[in-house]
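Naming convention: chains lettered A, B, ... in sequence-line order (proteins, then strands); numbering from 1 in each chain.
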Amino acid sequence: MTRMPQLAAAGLHAGASIFLAVACLPFMAEAAEPALISPPVSAAPPDDGQWMMPAKNYASTRYSELTEINEGNVKNLQVAFTFSTGVNKGQEAAPLVVGGTMYIVSPFPNVVYALDLTKPGAPMKWKFEPNPEPAAQGVACCDVVNRGAAFADNRIFFNTLDGHTIALDASTGQPIWNAHIGNINIGETITMAPLVVKGKVLVGNSGGELGVRGWVKALDAGDGRVVWTAYGTGPDKDVLIGPDFKPHYDMDKGKDLGVTTWPPDAWKIGGGNMWGWISYDPDLNLIFHGTGNPGPWNPDLRPGDNKWTSGIFARDPDTGAAKWFYQWSPHDLHDYDGINEQILLDMNWQGKPRKVLVRPERNGYLYILDRTTGEVLSAKPFGPVNSSKGVDLKTGRLIENPDKQTGTGKVVRDICPTASGLKDWQPSAFSPKTGLLYIPHNNLCMDEEGVEVNYIAGTPYVGMNVRMIAGPGGNRGAFTAWDIAAEKPAWSVKENFPVWSGAVVTAGDVVFYGTMEGWFKAVSAKTGELLWQFKTSSGIIGQPITYRGPDGHQYVAILSGVGGWAGAIVSGDLDPRDATAALGFVNAMKDLKDATTAGGTLYVFRLP
Amino acid sequence: MTHGAVTLLLVILALTGCQREERDTRPQSALGSGEQPTPVTTLEPGGQRPSPADNKAASFEANAFHLSEGKRLFGWFNCSGCHANGGGGMGPALMDEKWLYGSSIESIHATIRDGRPKGMPSFHDKIPDDQIWELAAFVRSLSGNVPSSAAPQRNDDMMPHPSENRLPDAATLGKSP
């Protein structure tokens, strides 16, 4: 029913982009093929200028229809106002804008601020301090980050590092409920941004480096009560696998695979956490979420496929019941968590309309899945990959490279990508105008050595010495525009450091992202040409957003403040003489301390 | 409630009351010494006090066997999971010249035994006291604070950093190579 207007709209967009391409740059005519790829309208309704969830919409496009700021005038952007979060740790959160108010969550101690956008300088309306337990900082694997809040029904929902989900009255900042769902004494923390679907707040835990068993919970948005819990490992009843579960590939079929694909009891401390992104398709009534790496990293200690880690689930949001599952990295060898963002799109695939899900995955492949079944339509590497040789589309299985097989007492060199993946959590953005997915990512390789490890609850359970280095070319990061239909990159910009920030793309054909030196950049959505940049006070690992302010004008916002796993050398003041510091990331980031210092500042830009 | 139940309740109350009267006349740690209070600050109103030195400290610090045992235990008890091989990660770097809670072996011993508020777990009922001293001595070797003749030598593994007895100076910290 929605198909007709959708196609018409897509046709319009395509026409517009051809016109622009011809007008701007003759050599771009080739790339501006009609883009007949667009998110389902139910998951990406017409833009109202607000930003109510980190991914912008349920389809997770991070695309704004605003056009006031465009390729032509973005060079004039100026700072409208700034605001210090008061916390000099990695700022990974996306600000939210609802009505005339902006909401931001700081890293631990997870202070929430509401800023009044209707007044000059955006003064603070309220702030809320949840006072999480300081000890939580010691069990957070990779800096004490928080990836943002979610807004629904005049409430702000957010998670604290020490395992609470809290609902605040968005007008006053008064707490409405506070659910304690994580236990730091077993190493459980929460860093992800919740997603609110049909009156339920979806939350997952972190702790894959501490032998924490992963889960996703749905809390009642009204009172915080846990409605369902779906574990990432264990018996089918814990994973919410029942009669409705119909995985596409044989490797995912069978009873209690979450137990039988592990050594006895290892699933209880086996990870499969959910600290990344969730998307939602209202038409199919399905949520999609990944699962994290199996624990420990040393694969010799957990023979088997280690279900349901490093994969993706489709679930019924009402009951949590699993509909299908696909495993990106069965028996993961390199800490390839499967929790990245999934962008829900409708497109023609080999002549047939398909409802797909696009996933730039940590193991280095850009997957296109049929989101109704979990079938892999395409899996192409979007950067240097040697840890595997491709994906067998018949069996769905990743073809591991035996030369890069890790294990106890063995040093394996030059594995690409690293444990942090060709791309980690940093979310990409999709423009229906260009048909391109804008992927911020890493370009790193590593040496790994498996070692014995004891499980002591509340302490790390990794069993791997890791040492990372720059990938081929020497640039440690890249920002790549991927042509989804053509299954190849349209353009790619090299960056010195990993691009650990998210991206946002607009109908003005501008893409925004940040670098770990602190540059906030605007590039052309069509060519990647740098159009404008501004040097912020610290490295950027946050998620840019754009919104229409109460004055009717378009604004762009980003949190600056280096940290996260990639920036832990600065935010945690780590010692670069130890190649294995921060699980080996420090070795690739030795010079970051020369390039930036810790910070925590919101920057908001507008045209003069 | 029946008469019997009330009596039973009274007996239970009386018994638990008795329990409360028990006194531990010989307070003693099963884990040995190391229970002396270690100041968590160097500030003391009214003037300096001598910092309490444990007689064990010196003997552990200069002893190659204890240091290499400390190094083994550092991996065994997952210290390396949080502090890597001294460069830090979830926990702070231990090989630099910056100390949150003091560089003395007594302070480090207290840190390992009792934990610290921002996420350093307390290991007092996991690690026997002598082994805590070994760990503390090894932690000091990471920053070159023990005699280099006793500090652990080259690793057999992929060598995350030069061995503790030949670590480069902390002054190079944060400078690109």
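- Remark: B/K126 NZ to A/I456 CD1 distance equals 7.0 Å, nearest 0.5 Å.
- Top candidate by heavy-atom pairs under 4.5 Å with chain A, chosen from B/S80, B/C79, B/G81, is B/G81.
- The CD atom of A/E209 sits 11.0 Å away from the SG atom of B/C82 when rounded to the nearest 0.5 Å.
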| CA sep, side-chain torsions, deciding dist, call: A/V462, B/N78, side-chain contact (heavy atoms from CB on, under 4.5 Å) | CA-CA 9 Å; A/V462 173; B/N78 294 350; over 6 Å; no
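- Looking at A/A140, the atoms closer than 4.5 Å to chain B (heavy atoms on both sides) all sit in the backbone: N, CA, C or O.
- Between A/D143 and B/M90, every side-chain heavy-atom pair lies at or beyond the 4.5 Å cut-off.
- Looking at A/V466, only its backbone comes within 4.5 Å of chain B, counting heavy atoms on both sides.
- The shortest side-chain heavy-atom distance between B/D96 and A/L574 does not fall under the 4.5 Å cut-off.
- Ranked by heavy-atom pairs shorter than 4.5 Å toward chain A, the options B/M120, B/H83, B/K118 are led by B/K118.
- Using modelled atom types, no side-chain atom of B/R116 and backbone atom of A/A135 make a donor-acceptor pair closer than 3.5 Å.
- The part of A/L210 that comes within reach of chain B is its side chain, from C-beta onward, which places non-hydrogen atoms under 4.5 angstrom from that chain.
- Surrounding NZ of A/K410 are more than 12 heavy atoms belonging to other residues, nucleotides or ligands, all under 6.0 Å away.
- Heavy-atom pairs under 4.5 Å with chain A peak, among B/A84, B/G89, B/G87, at B/G87.
- Between A/N454 and B/W76, some side-chain heavy-atom pair lies under the 4.5 Å cut-off.
- No other option in A/G409, A/G463, A/A136, A/A582 has as many heavy-atom pairs under 4.5 Å with chain B as A/A582.
- When the candidates B/P121, B/A93, B/G86, B/G88 are compared by the number of heavy-atom contacts under 4.5 Å with chain A, B/G88 comes out ahead.
- Atoms CG and CZ, on B/L142 and A/R577 in that order, are 9.5 Å from each other to the nearest 0.5 Å.
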